[in-house]
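Just so it is clear: chains get the letters A, B, ... in the order the sequence lines come, proteins before strands, and each one is counted from 1.
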2 protein chains.
Amino acid sequence: MKHIAESTVRRLSLYLRFLEEYEASGHATISSGELAESGGTTSAQVRKDLSFFGSFGKRGMGYTVKDLSIAIREILGLQRPWSVIIVGAGKIGAALAQYRGFTTRGFRVVGVYDRDPARVGTKLDGVSVRPEAELERDIAKLKPEIAVLCVPAEAAQAIADRVTKAGVRAVLNFAPTPLKVTEGVAMRAVNMATELEILAFGLTNGGALPVR
Amino acid sequence: MKHIAESTVRRLSLYLRFLEEYEASGHATISSGELAESGGTTSAQVRKDLSFFGSFGKRGMGYTVKDLSIAIREILGLQRPWSVIIVGAGKIGAALAQYRGFTTRGFRVVGVYDRDPARVGTKLDGVSVRPEAELERDIAKLKPEIAVLCVPAEAAQAIADRVTKAGVRAVLNFAPTPLKVTEGVAMRAVNMATELEILAFGLTNGGALPVR
DNA sequence: CTTAGCTTGTGAATGATTTCACAAGCCCTC
DNA sequence: GAGGGCTTGTGAAATCATTCACAAGCTAAG
Ligand SMILES: NC(=O)c1ccc[n+]([C@@H]2O[C@H](COP(=O)([O-])OP(=O)(O)OC[C@H]3O[C@@H](n4cnc5c(N)ncnc54)[C@H](O)[C@@H]3O)[C@@H](O)[C@H]2O)c1
Ligand SMILES: NC(=O)c1ccc[n+]([C@@H]2O[C@H](COP(=O)([O-])OP(=O)(O)OC[C@H]3O[C@@H](n4cnc5c(N)ncnc54)[C@H](O)[C@@H]3O)[C@@H](O)[C@H]2O)c1
């Protein structure tokens, strides 16, 4: 398959969110222009994004909301559930473990791990926190595809190595440190301090950063 | 000033993080190549990023770690502290309010707000949660530059309108909904479900997404 | 059946970002 | 103070992403 830009995938996720709302509000079809407005982009961009994957609309008519939802879900790989483990049950790990926004999208938190004996055994939204020492055994059993790292920066690389060695194929890293993962493992980082710093840059150099 | 790409600013933030570590470990100078490795980029990219803002290195020698740190901090606008308010003291809002990673970068949480009377009055890392009704009055008094939104998606636009009307100039939105803000207000969104969806896409369409 | 009115899908053009490649500059040694 | 070895800073080239613009195709109405 051809190379798809990350920005395209990000927008598809946004379109899907809007399509779900739009469907709930009773609309049957939607045009690329309406979809564009929701995502802060242009109708040409919407059509181009979709065109990488096929042809989903009807000329003159637009897109059937329901069909397009299904198509985008399929493109993103959301027609099936994904199993997720969270490592680090501290402040951010606990918040994510209880986040409903994951479950509604088909991401199931099947395990939460911590090193601290005081946290082990506590329940987070139905899932018990388990000892970090059980990581390998549990991964072999539960076969989660995705690991979310919420451990301190010093521990992140070691945990990434362990979970990927044990078979996890994708990592979402919240620790503010760059991770090296083996070829073939998908990796993304969310760095909240960087987000604030980008805002600070925007405020300092008024206008140098294209406003979103 | 010329237009600076967001990707450049994001990398500068990363370089800065690495420079701080590098300085702590006793090194006095660093080359663009070493800096590149830390950020998963190339030496040419590092030099180009910096070249938008000036000339900071010595040919043959590289960059003085300390001086470059200071220069990047200045570029990003981090030589001065920024005041931040957090609206929504739920799971994610509480985690962010207690996050040390913000304070160490000069972002001071000067207020946390919630609508729920049960949360108002509780303390998060030294800051008391205040009633959301006091938002406008407090913004007038404390003059925070940045607002972090951790309220449910339905409430996010209304809160964004209120804080920007009251004088906040930048918004970091954690609610999974697109926000419209007036021209001149800097806005960024962190969407964790989208991050997982990008990983799901990567796992589904192995290789279609350039690995990071 | 034909026409009017929309909207898609997509090459081509434009614009933005990254990579290349090398002259210029600095330090160190001799 | 001249030469070797490195490394920066930066135009030019290449790649990548977005926007333009329009032919093609669908529906509905007459
Ligand atoms: N709190 C936030 O809002 C926030 C925001 C962005 C990023 N982060 C990052 O997320 C990470 C966690 O932050 P936090 O605020 O939740 O910290 P925290 O101290 O509340 O939680 C960290 C947890 O990780 C556990 N832990 C440490 N080493 C471990 C290991 N080897 N295996 C398993 N568990 C281990 C600790 O016992 C603790 O429970 C940090 O890297 C932080 O920089 C936090
Ligand atoms: N929990 C997570 O890990 C997570 C991750 C990503 C995004 N989010 C998003 O962040 C937001 C908050 O999520 P949460 O999990 O913390 O939910 P939560 O229910 O724990 O917290 C929301 C808080 O906002 C308060 N609130 C509601 N309306 C308000 C208003 N008008 N003014 C002030 N406060 C108000 C509520 O009283 C509550 O305390 C949601 O939009 C969610 O989708 C959460």
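Ion pairing between a basic and an acidic side chain is recognised when a charged N comes within 4.0 Å of a carboxylate O; A:R188 and A:E6 show such pairing. The residues B:E20 and B:R105 are annotated as salt-bridged, a charged nitrogen and a carboxylate oxygen being separated by less than 4.0 angstrom. Under the 4.0 Å criterion applied to side-chain N and carboxylate O atoms, A:R169 and A:E145 are not assigned as salt-bridge partners.
Between the CZ atom of A:F56 and the P atom of D:dC26 there is a distance of 16 Å, given to the nearest Å. Straight-line distance from the CZ atom of A:F52 to the C1' atom of D:dT19: 12 Å, rounded to whole Å. Residue A:D49 contributes atom CG, which lies 10 Å from atom C1' of D:dT18 at whole-angstrom precision. For the pair B:L35 CG and D:dG9 P, the computed distance is 12 Å after rounding to whole Å. The distance between atom CZ of B:F53 and atom P of D:dG9, rounded to the nearest whole Å, is 14 Å. Residue A:E6 contributes atom CD, which lies 13 Å from atom C1' of D:dA17 at whole-angstrom precision. Distance A:K48 NZ to C:dA12 P: 11 Å, rounded to the nearest Å. Rounded to an integer number of Å, the gap from CE of A:M61 to C1' of D:dA28 is 8 Å.
For D:dT7, the base has no donor-acceptor partner in the side chain of B:R59 [N/O atoms by modelled type, under 3.5 angstrom].
Of the side-chain N and O atoms in B:S32, none sit less than 4.0 angstrom from OP1 or OP2 of D:dT7. The phosphate of D:dG9 (OP1 or OP2) has a side-chain N or O of B:Y63 nearer than 4.0 angstrom. Contact between the side-chain N/O atoms of B:S51 and the OP1/OP2 oxygens of D:dG9 is not found at any separation under 4.0 Å. The side chain of A:R11 places an N or O atom within less than 4.0 Å of a non-bridging phosphate oxygen (OP1 or OP2) of D:dT18. For D:dA17, neither phosphate oxygen OP1 nor OP2 lies less than 4.0 angstrom from any side-chain nitrogen or oxygen of A:Q45. At the phosphate of D:dG9, OP1 or OP2 sits under 4.0 Å from a side-chain N or O atom of B:S55.
With rounding to the nearest 0.5 Å, the separation of CD1 in B:I30 from OG in B:S38 is 6.5 Å. Separation of atoms OG (B:S25) and CZ (B:F18) is listed at 7.5 Å; rounding is to 0.5 Å.
A:S43 comes within 4.0 angstrom of no nucleic acid atom, judged by non-hydrogen atoms across all strands. At a threshold of 4.0 angstrom between heavy atoms, the contacts of B:T41 with the nucleic acid are absent. Using a 4.0 Å heavy-atom criterion, one finds that B:S7 contacts the sugar-phosphate atoms exclusively.
When distances are taken from the side chain of B:R47 to each of C:dA21, D:dT19, C:dT8, the shortest belongs to C:dA21. Of the candidate nucleotides C:dT7, D:dA17, D:dT10, D:dA17 has the atom lying nearest to any side-chain atom of A:A5.
Under the 30°/60° scheme for interplanar angles, the aromatic rings of A:Y22 and A:H27 are found to lie parallel.
In terms of position on DNA chain C, the residue among A:G54 and A:G60 whose nearest nucleotide sits closer to the 5' end is A:G60. Of the two residues contacting DNA chain D, namely A:T8 and B:G57, the nearest-nucleotide position lying further toward the 5' end is that of B:G57. If you find the closest nucleotide of DNA chain D to A:A44 and to A:K58, the one lying nearer the 5' end belongs to A:A44.
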